[in-house]
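The next block holds one structure in the form of structure tokens; read it before the comments.
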Amino acid sequence: MKATVIATFFGVFLTCTYTAKEATKKTKKAKLYVPQIDCDVKAGKIINPEFIAKCPPGCQDVKYRVYGTDIYASFSSVCNAAIHSGIIDNTGGKILVQKVAGHSGYRGSFSNGVRSLSLPRWRESFLVSEGKPRKGVTYPTTLEYSSSKSTTVKSEPKKPEQDLKGMKSADTANTSEKALEQGDTVRKENQTTPVPTPATQMATTTPTPMTTTTDPSTTMPQPTKTPAATRTTAAAAKTRPGLHRVRDMGSSSVHPAYASVVAAAARQVQAAQGRGQNTAFRGTSTSASNSNILRHNTGVQRQEPVATFQRAASSPAHLAMETDSWKPGLSLFDTDCKVDLSFLMDGSWSIGKRRFQLQKRFLGNVAQALGIGSAGPLMGIVQYGDDPSTEFNLKTYANSKDLRNAIEKIQQKGGLSNVGKALSFVNKNFFLDANGNRGGAPNVVVVMVDGWPTDRVEEASRLARESGINIFFVTVEAAAQSEKQNVIEPNFVDKAVCRTSGFYSINVPSWFSLHKVVQPLVKRVCDTDRLACSKTCLNSADIGFVIDGSSSVGTGNFRTVLQFVANISKEFEISDTDTRIGAVQYTYEQRLEFSFDKHSTKQDVLNAIKRISYWSGGTSTGAAISYASEQLFSKSKPNKRKIMILITDGRSYDDVSMPAMAAHQNGVIAYSIGVAWAAPDELEAIASDPAKEHSFFVDEFDNLYRYVNQLIQNICTEFNSQPRN
């Protein structure tokens with residue numbers, strides 16, 4: 001009995017010992033190896049969608065830039081973002097990083113000793129939290145990097161074949177972020193990289209092309225083989241609600257009242273062709289009495305002019321210089337042209353069936369001339385009407401032949417010509433990594449417009465440009481004189497593009513002459529040195545001058561200050577859609593001299609600066625900063641950089657640090673310029689970090705001019721250091 005008890009006890013003891021050893025083994029096996037990262041590592045460099053990493057000491061430095069607050073753009077330093085958020089301090093430590101979707105704006109702030117910067121838009125974001133594993137999540141012990149940066153990471157050794165693959169990927173991977181760091185665009189080969197994790201990988205397979213079909217009950221009549229130059233419209237047949245123009249020249253049936261008109265027009269076409277004329281034909285009527293063509297959205301009947309069959313309007317000078325030597329089947333460019341291109345295709349009912357076919361032919365010819373390919377230009381198409389939709393994106397087709405075949409199969413959507421809505425759609429949805437955006441290649445949108453848009457385009461265009469998109473317009477058959485009263489936004493092209501030089505817009509008098517602009521358009525789209533419609537340091541800001549008008553300045557010196565303000569302003573590209581200028585003068589009190597939306601041309605701004613009258617009084621600089629924040633910068637446009645340039649000649653009677661900090665936290669980049677008796681400590685408190693790059697001092701007013709170029713250079717350097725999608 002006693003032996004049995006002892007044996008039983010000994011068996012239980014052995015079982016418990018074995019169980020404890022196994023549990024210890026499992027515990028040791030489950031211990032997480034945490035890889036260490038360097039201070040300069042950006043979240044976008046790491047492919048893993050969620051990871052735990054260890055930051056070293058000393059990452060709290062302005063050279064490790066951070067963009068955003070709480071949610072950070074993936075171009076930020078991971079470790080300095082963790083310090084900014086308060087998860088770790090400058091001694092380092094473990095952090096948990098989770099990748100999330102990109103945001104349309106990131107707000108800069110000052111927190112835990114780190115100044116984060118504002119950013120209009122970025123394609124990916126991340127969150128930082130304490131370095132504790134989440135339940136049920138397996139964390140990598142080796143981080144995957146999108147470039148050769150991975151060689152500096154302290155992690156578990158790779159197998160030789162993995163190292164070889166990593167070397168290949170380092171040579172062939174996209175180098176867009178490296179290009180951003182260097183402030184230059186890198187032409188790169190778009191080759192296959194090692195397969196990343198599912199959360200971030202870019203699909204390399206070619207998806208099924210998307211086509212939009214039209215309800216048979218609403219399709220327009222199929223075009224017949226009527227002469228290309230004749231253009232007929234059935235005035236009363238099959239009217240559609242909401243149309244802003246009915247111009248289908250391919251109808252199979254013609255209203256009896258127009259039969260004689262069509263016949264007469266055809267005879268005139270033949271006669272004109274016999275004389276060797278280029279017959280750009282707009283109307284079909286021979287008298288005013290039978291030339292009424294309905295415009296269904298306005299209730300106004302369009303009076304077509306008598307058909308004159310004159311030679312097409314001569315091209316502008318800039319078009320005449322671009323000789324049209326392109327022929328179908330030829331490619332103008334090979335890999336030298338590397339752009340990510342989106343065409344906004346007009347699918348509204350106003351264009352008609354026949355013109356829609358001509359538009360498709362034009363797009364096919366452009367694709368052929370570009371020489372579409374993974375190492376060169378990529379092209380996708382969005383069709384717009386009432387609502388826009390993507391026909392296919394950048395990665396759907398990798399050669400011109402397949403792309404042209406897909407274009408031929410596109411069906412007309414119909415509806416209004418909502419161009420503004422389409423531009424907003426492209427800005428938010430088209431140029432995403434998942435849709436084939438390559439990052440290092442310029443983003444370009446070409447908008448095809450028949451007549452005019454039925455919504456406003458200015459604001460949508462501005463936001464798109466500020467997201468880094470270069471916008472071109474190709475307008476065909478603009479509004480006739482009698483139709484201009486129905487145009488919702490006059491001069492919409494000038495409002496939509498960032499330059500009115502004619503480089504970013506082409507007007508074509510007739511759909512039949514559209515083929516002549518294939519080469520000019522392709523050359524412009526591929527001229528990457530001139531693609532400046534995306535934001536630059538000269539057209540991207542709301543600049544507010546805060547000018548000391550105290551008694552110590554004096555009338556003569558005040559005029560010198562105004563000249564300094566004018567010299568800075570005239571270097572920027574000033575308009576409603578580019579850089580805007582505002583001004584505040586202060587003593588004990590403050591006065592708004594003019595707001596950002598007051599003057600929309602450079603000359604108007606310079607004249608307004610010249611008219612500022614000297615005030616005289618005390619010096620309350622802190623109150624002036626608060627006033628400028630409320631009266632100027634609170635009304636700044638979204639996605640505009642907010643730049644405050646403050647000029648003072650003495651110490652303030654009130655505190656400047658708190659108002660300046662509040663302005664910084666609201667995204668204002670502050671420059672301070674001190675003259676004569678200005679206090680250096682106050683200048684640094686007013687200036688954004690790093691203060692040495694944002695504050696200046698001269699001993700007398702006549703030396704202010706010396707800092708004009710330096711100030712503009714600093715503004716541009718800071719702007720160019722911001723990442724671009």
**Study point:** Sequence-distant partners of Val62, side-chain contact (heavy atoms from CB on, under 4.5 Å), two or more places apart
**Key:** none

Compare all side-chain heavy atoms of [X] with those of [Y] and state whether any distance is below 4.5 angstrom.
X: Ile88; Y: Cys55; result: yes
X: Val382; Y: Thr390; result: yes
X: Asp455; Y: Val419; result: yes

Check your understanding: What about Tyr67 and Trp122, are their ring centers closer than 6.0 Å?
Key -> no

**Study point:** Ring-ring centroid check Phe126 Tyr72, cutoff 6.0 Å
**Key:** yes

Check your understanding: Taking everything shown except Lys495 itself, do over 12 heavy atoms lie less than 6.0 Å from its NZ?
Key ->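 For Lys495, atom NZ is crowded (more than 12 foreign heavy atoms under 6.0 Å).
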
Review point. Cation-pi between Lys45 and Tyr145: NZ/CZ under 6.0 Å from ring centre and within 45° of the ring axis?
Key: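 The answer is no; the distance or angle limit is not met.
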
**Study point:** Interatomic spacing from CG in Asp542 to NZ in Lys635 - rounded to 0.5 Å
**Key:**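 Going from the CG atom of Asp542 to the NZ atom of Lys635 covers 12.5 Å.
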
Are [X] and [Y] within salt-bridge range, i.e. N to O under 4.0 Å?
X: Arg456; Y: Glu458; value: no
X: Glu50; Y: Arg134; value: yes
X: Arg580; Y: Asp597; value: no

Exercise for review: May I ask you to check whether the SG atoms of Cys59 and Cys39 are separated by less than 2.5 Å?
Suggested key: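 Cysteines Cys59 and Cys39 qualify as a disulfide pair, their SG atoms being under 2.5 Å apart.
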
Going by atom types only, do [X] and [Y] share a side-chain donor-acceptor pair under 3.5 Å?
X: Asn427; Y: Ser424; value: no
X: His84; Y: Ser109; value: yes
X: Ser116; Y: Tyr106; value: no

